[in-house]
Amino acid sequence: MIADRATRNILRHGSPADAPEIVPMTAGPLTCDYVDGDLRNIRLGDREIIRRIYVAVRDRYWNTIPATLEDVRIASGAGTFTVRYRATHRAGEICFRWEATITGTAGGEIVYEMDGEACSTFLRNRIGLCVLHPFTCAGAPCRVTHTDDTVTAGAFPREIAPHQPYKDIREIAHRVAGDVWARVAFSGDVFEMEDQRNWTDASFKTYSTPLDLPAPVLIKQGTPVRQAVRLSIEGDRLAAAVHRTDNDVRLTLGAPLARRLPPMGLGADTLKGPLDAASVAALRRLHLSHLRVSAAWPEQ
C-alpha cells in the first residue's frame, strides 16, 4: 500500500501533482473534454474526430514551455459551452501571455481562439495552436485547402509517413462516416501536418510555422500572436453517423501463460534538473531494468 500521495501520482500518471480535472462538454452532436486548457477527445457519437486541440510554446531547443492558467471560466448549457482563461508561459528569458476563448455551439461547431503577445524578446521554434487527428484517420479520405485556395484531394497516410503528408494548410476535411465530413479551418499562420506515429504517438499533428522555414525565430517583446481553429461537421445523414455504445468493458482472461516479462525501462526528463526524492522512490518500486536520462543540450 502506497500512502504517499505524490508517489501514487507519479506511479499513476508520471507527475507528483494531482491529475487535472476533466470537464465533459457538449456542442450539439459533438462531445468533448476540457482538460487544463486543452480540448480532448472530440467525438461524434462513438467516433473520435479530433484527439486534442491545444497551444504549444517551444523554445529554440524544442523544449515545451508549460503554461500557468489563471481566471478560468467555464459556462455550459443545452448543447453549448464557453471557456475563457489567461495563460502565461515563462522560462528563463521566455515570457509569452495569451487569452483563450473556446466556444461550442448547438449546431456542432467548436472554435478555439488564442490572442497572445510576447512580453519579452526571445528565440522560439513554435508558438501557436496544434490539432491532433487520431490514428484511426489513417486511410480516411480528406480534402486539403491551401492558402492559395487550391484543393488537394487525398487521404491520411495508412503507412507511417516519414515526411509531412500535407503542407500549406488553410483547411483540412476528412470523412467521418458515409457523407459526414469533419472540417478544421486554421487562421493566423501557415500550417502543415506531420505523422506523429514516427515518434510512437498515435496521431497526426497539424501545427504552424512550417519546418522548411529557418529556425529558431526571434520574437520581439510586444509582438502579437493571434490564431484560431474552427471545427465543423457537415453531411445530410448526420444523425445516422451518431452511434452511441454502452460504456461496459468486458475482459476475458485465459489460462496463465507462465512467462517472464521482458526487461523494461523508462526515460527520465532530466534536462530541467535532477530527479526529486519522490521520483527516485517511485522508480525503485518499479524494479526497472534500466533508466534512460538526457544530458543538457549545449548552448548555441
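The figures here come from the full heavy-atom set of this structure, side chains too, leaving out hydrogens, waters and symmetry mates. Nothing fancy with the numbering, it's 1 onward along the sequence.
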Side-chain donor-acceptor pair present, Gln164, Tyr207, cut-off under 3.5 Å
yes
Any Ser208 side-chain heavy atom under 4.5 Å of Phe191 side chain
yes
Just by modelled atom types, is the Pro141 backbone N or O under 3.5 Å from a matching donor or acceptor in the His174 side chain?
no
Excluding sequence neighbours, so at least two apart, what forms side chain to side chain donor-acceptor pair (under 3.5 Å) with Ser289?
none
Minimum side-chain heavy-atom gap Tyr34-Pro24 below 4.5 Å
no
Taking all non-hydrogen atoms of both residues into account, name the closest pair between Pro210 and Val190 and its distance.
CD-O, 3.6 Å
Got a second to check how far Gln221's CD is from Cys95's SG, nearest 0.5 Å?
8.5 Å
CD1 (Ile53) and CZ (Arg230) are apart, to the nearest 0.5 Å, by 11.5 Å
Distance, nearest 0.5 Å, that separates CD of Glu93 from CZ of Phe122
8.0 Å
Side chains of Arg124 and Thr209: do they bring a donor and an acceptor to under 3.5 Å?
yes
Which of these, Leu211, Val144, Thr206, sits in a side-chain contact (heavy atoms from CB on, under 4.5 Å) with Glu192?
Leu211
Could you tell me whether Glu99 and Arg86 have a side-chain N and a carboxylate O separated by less than 4.0 Å?
no
Any donor-acceptor pair under 3.5 Å linking the side chain of Asp33 with the backbone of Val35?
no
Please find the pair of heavy atoms, one from Glu109 and one from Ala27, that lie closest to each other, and give the distance.
O-CB, 4.2 Å
Taking all heavy atoms of Gly107 and all of Pro29, pick out the closest pair and write down the distance.
C-CD, 4.5 Å
Using side-chain heavy atoms (C-beta onward) and a distance below 4.5 Å, is Asn41 in contact with Glu48?
yes
Over all atoms of both residues, closest heavy-atom pair of Gly28 and Thr26
O-CG2, 3.3 Å
Out of curiosity, does Ile22 fall in the hydrophobic cluster containing Leu39 (side-chain heavy atoms, cut-off under 4.5 Å, transitive links)?
no
Using only atom types and a distance under 3.5 Å, with no angle test, would you say the side chain of Glu113 pairs donor to acceptor with the backbone of Ala228?
no
Main chain of Ala202, side chain of Arg51: is a donor-acceptor contact present, judged purely on distance under 3.5 Å?
yes
Between Leu44 and Ile172, is there a shared hydrophobic cluster once you connect ILVMFWY residues whose side-chain heavy atoms come closer than 4.5 Å?
yes
Which value, rounded to the nearest 0.5 Å, describes the distance between Ile42 atom CD1 and Ile49 atom CD1?
8.0 Å
Neighbour count >12 (heavy atoms, 6.0 Å) for atom NE2, His163:
no
Evaluation steps, side-chain contact (heavy atoms from CB on, under 4.5 Å), between Ile94 and Ile219:
CA-CA 10 Å; Ile94 295 174; Ile219 182 169; over 6 Å; no
Closest approach of Gly128 and Met114, non-hydrogen atoms and distance?
CA-SD, 4.0 Å
Does the distance from a Lys or Arg side-chain N to an Asp or Glu carboxylate O, for Arg226 and Glu117, drop under 4.0 Å?
no
Keeping the roles fixed (side chain from Asp38, backbone from Arg40), state whether a donor-acceptor pair exists under 3.5 Å.
no
Short question: side chain of His146, backbone of Lys167 - any donor-acceptor pair under 3.5 Å?
yes
Same cluster for Met193 and Val131 if Ile/Leu/Val/Met/Phe/Trp/Tyr side chains link at under 4.5 Å?
yes
Report yes or no: do Thr101 and Arg84 form a side-chain donor-acceptor pair below 3.5 Å?
yes
Could you tell me if the side chain of Cys32 sits less than 4.5 Å from the side chain of Phe81, heavy atoms only?
yes
Cluster question for you: counting only ILVMFWY and a side-chain heavy-atom cut-off of under 4.5 Å, with indirect links fine, are Tyr54 and Leu69 together?
no
For Arg175 versus Ala140, what's the shortest heavy-atom pair and its separation?
O-CB, 4.2 Å
Are Val184 and Glu171 packed together at the side-chain level, in the sense that at least one heavy-atom pair is separated by less than 4.5 angstrom?
no
Can you check whether Leu129 reaches Tyr112 side chain to side chain, under 4.5 Å on heavy atoms?
yes
Is it true that Arg183 and Glu234 make a salt bridge, defined as a side-chain N closer than 4.0 Å to a carboxylate O?
yes
4.5 Å side-chain heavy-atom contact, Pro157 and Arg197:
yes
Would you compute the distance between atom CD1 of Ile169 and atom CG of Asp189 and round it to the nearest 0.5 angstrom?
12.0 Å
Is the backbone of Asp149 close enough, under 3.5 Å, to the side chain of Thr145 for a donor and an acceptor to pair up by distance?
no
Using modelled atom types and a 3.5 Å cut-off, is there a donor and acceptor pairing between side-chain atoms of Thr103 and backbone atoms of Thr82?
no
Roughly how far apart are Thr121 OG1 and Leu218 CG, rounded to 0.5 Å?
6.5 Å
Side-chain heavy atoms nearer than 4.5 Å, only ILVMFWY residues, links allowed to pass through others: does that put Phe156 and Val151 together?
no
Could you please spell out the steps behind the side-chain contact (heavy atoms from CB on, under 4.5 Å) verdict for Arg90 and Phe96?
CA-CA 7 Å; Arg90 190 187 297 273; Phe96 182 77; over 6 Å; no
Just by distance, do the side chain of Asn125 and the backbone of Asp59 share a donor-acceptor pair under 3.5 Å?
yes
Thr64 and Arg58: side-chain donor and acceptor closer than 3.5 Å?
yes
Val217 vs Leu123 side-chain heavy atoms within contact, under 4.5 Å:
no
In a check of side-chain contact (heavy atoms from CB on, under 4.5 Å) between Asp168 and each of Thr152, Asp212, Thr147, which one passes?
Thr147
N/O donor-acceptor pair under 3.5 Å between Asn198 side chain and Ala161 backbone:
yes
Can you say whether the rings of Trp98 and Tyr85 are parallel (under 30°), tilted (30 to 60°) or perpendicular (over 60°)?
perpendicular
